[in-house]
Amino acid sequence: MHKIIGLAIALAAGAHAGPIGFNFSGTVTSVTGPAEPGFGGLTVGSPVFGSFSYDSNAVNIGSSIDAGYAAITTYLQTGPLSQSTVNPAIEIFTPGVGGYYWDIGGRDGSNTFALILNFWDTIAPFVQADALLRPPPDLALLDVHVGQLIYFHAPEPNTTRLNFSIDSITAFGASSPRLDPCSQPATGVPEPSTAALLAVPSGILLLWPNQLLRSLVANK
């Protein structure tokens, strides 16, 4: 019954045709790799804030079970720094063996970092059985709702990762998508990495059981 209620809420949020956006907040769960100025001094337990938006009329450029949609924005606030991506994408994967995987991610314009958000339901009964573009499900219905901010350095083992849980998410009108003013405001921009960029480490590809976001974060 709780999944039916959560589905009704998600469908209501998606009833608006056109741009739609979401604010989210979370908590840093781990930081790996060398010191990274782009993380804004955050450590385990620090709060993070962000938002993302997309057009609910976006066309599926994938398949009926592994759908891909262009998104509008993805944004993450890390302490005093704001992290935004260009040309983000949404992937919704519904494999025949079961499961519902709703992902959004992208890179910044200089390929310095990647931001990825995962909303997964891997325990039956699943919230959806198709890959139509709907809002991410209610967090209470999911067993995975996490994100990663990944900065790329050379050599590859020096890649740094800020892992965080996504603890809450709320819809907002996205005609001018931005972080809600009541959340932590942006007061700076991330420092660019001084190291040479490499292709995304192979470990990041294990985040997804699907294909489209794998190519999104790969240097090709």
Side-chain angles (χ1 to χ4, degrees), residues 10 13-14 16-24 26 48 50-77 82-95 99-121 127-128 130-137 139 142 144-152 159 161-164 166 169 171-172 174-179 190 197-220:
H16 169 73
I20 183 172
F22 294 86
N23 290 323
F24 66 87
V48 294
S51 64
F52 58 88
S53 64
Y54 62 89
D55 190 331
S56 61
N57 294 318
V59 176
N60 179 9
I61 58 174
S63 70
S64 60
I65 65 169
D66 194 1
Y69 303 93
I72 301 174
T73 62
T74 53
Y75 167 84
L76 183 70
Q77 186 79 26
S82 58
Q83 325 267 354
S84 296
T85 67
V86 296
N87 301 320
I90 293 171
E91 182 168 14
I92 301 175
F93 183 52
T94 54
Y100 186 76
Y101 303 87
W102 201 108
D103 302 320
I104 184 169
R107 283 192 171 206
D108 68 312
S110 61
N111 286 324
T112 303
F113 65 83
L115 173 62
I116 305 105
L117 308 177
N118 306 118
F119 303 91
W120 294 356
D121 180 14
V127 293
Q128 292 293 341
D130 60 57
L132 297 177
L133 181 55
R134 297 184 175 91
L139 299 186
L142 305 176
V144 176
H145 38 94
V146 298
Q148 282 197 65
L149 176 63
I150 305 165
Y151 269 77
F152 306 114
T159 295
R161 299 168 186 257
L162 183 78
N163 303 300
F164 55 92
I166 299 173
I169 182 170
F172 69 94
S175 57
S176 299
R178 63 186 184 281
L179 189 68
L197 300 178
L198 289 182
V200 177
S202 58
I204 188 177
L205 304 184
L206 300 179
L207 285 173
W208 301 289
N210 38 24
Q211 298 294 325
L212 293 177
L213 279 181
R214 293 188 183 194
S215 62
L216 171 68
V217 298
N219 266 340
K220 291 185 178 180

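Note: hydrogens, waters and symmetry copies are ignored here, and every other heavy atom, side chains too, is used. In what follows, residues are counted from 1 in the order of the sequence shown. Remember, predicted model here, so these are calculated numbers, not experimental data.
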Measure the spacing between CG of D103 and CD1 of I116 and express it to the nearest 0.5 Å. 9.5 Å

Work out which heavy atom in W120 is nearest to a heavy atom in L142; give both atom names and the distance. O-CB, 3.3 Å

Could you pull out all residues at least two apart from A71 that satisfy side-chain contact (heavy atoms from CB on, under 4.5 Å)? Y54, P88, I90, I104

Can you confirm whether F113 sits close enough to Q148 that some side-chain heavy atom of one is under 4.5 Å from a side-chain heavy atom of the other? no

Taking ring-ring contact (aromatic ring centres under 6.0 Å, His included) as the test, write out the residues that go with F164, two or more places apart. none

Any idea which heavy atoms bring A70 and A58 closest together, and the distance? O-CB, 4.0 Å

All heavy atoms of S51 vs all of F172, minimum pair found to be CB-CE2, 4.2 Å

Reported CZ-to-OG1 distance for the pair R107 and T74, which is rounded to 0.5 angstrom: 12.5 Å

Is there side-chain contact between F24 and L117, with at least one heavy-atom pair below 4.5 Å? yes

Check whether any side-chain heavy atom of D66 lies under 4.5 Å from a side-chain heavy atom of E91, and answer yes or no. yes

Non-hydrogen side-chain atoms of S53 and F22 separated by less than 4.5 Å: no

If we count only N and O atoms by modelled type, under 3.5 Å, do the side chains of W102 and D121 hold a donor and an acceptor together? no

So do N118 and Y101 actually touch side chain to side chain, heavy atoms under 4.5 Å? no

Heavy atoms of Y100 and D130 approach each other most closely as CE1-O, 3.4 Å

What is the distance from atom OG1 of T85 to atom OH of Y75, rounded to the nearest 0.5 Å? 12.5 Å

Among L76, N163, V48, which one satisfies side chain to side chain contact (heavy atoms under 4.5 Å, CB included) with L149? L76

With side chains defined as the heavy atoms from C-beta onward, is the minimum distance between F152 and T112 less than 4.5 Å? no

Could you check if a side-chain atom of L139 sits within less than 4.5 angstrom of a side-chain atom of I169, using non-hydrogen atoms only? yes

Is the shortest heavy-atom distance from the side chain of Y69 to the side chain of S56 under 4.5 Å? no

State, to 0.1 Å, how close L132 and I92 come at their nearest heavy-atom pair, and which atoms those are. O-CD1, 3.4 Å

List the atom of G18, the atom of N57, and the distance in Å for their closest heavy-atom pair. N-ND2, 3.5 Å

For F119, does its backbone N or O pair with a side-chain atom of H145 as donor and acceptor, under 3.5 Å? no

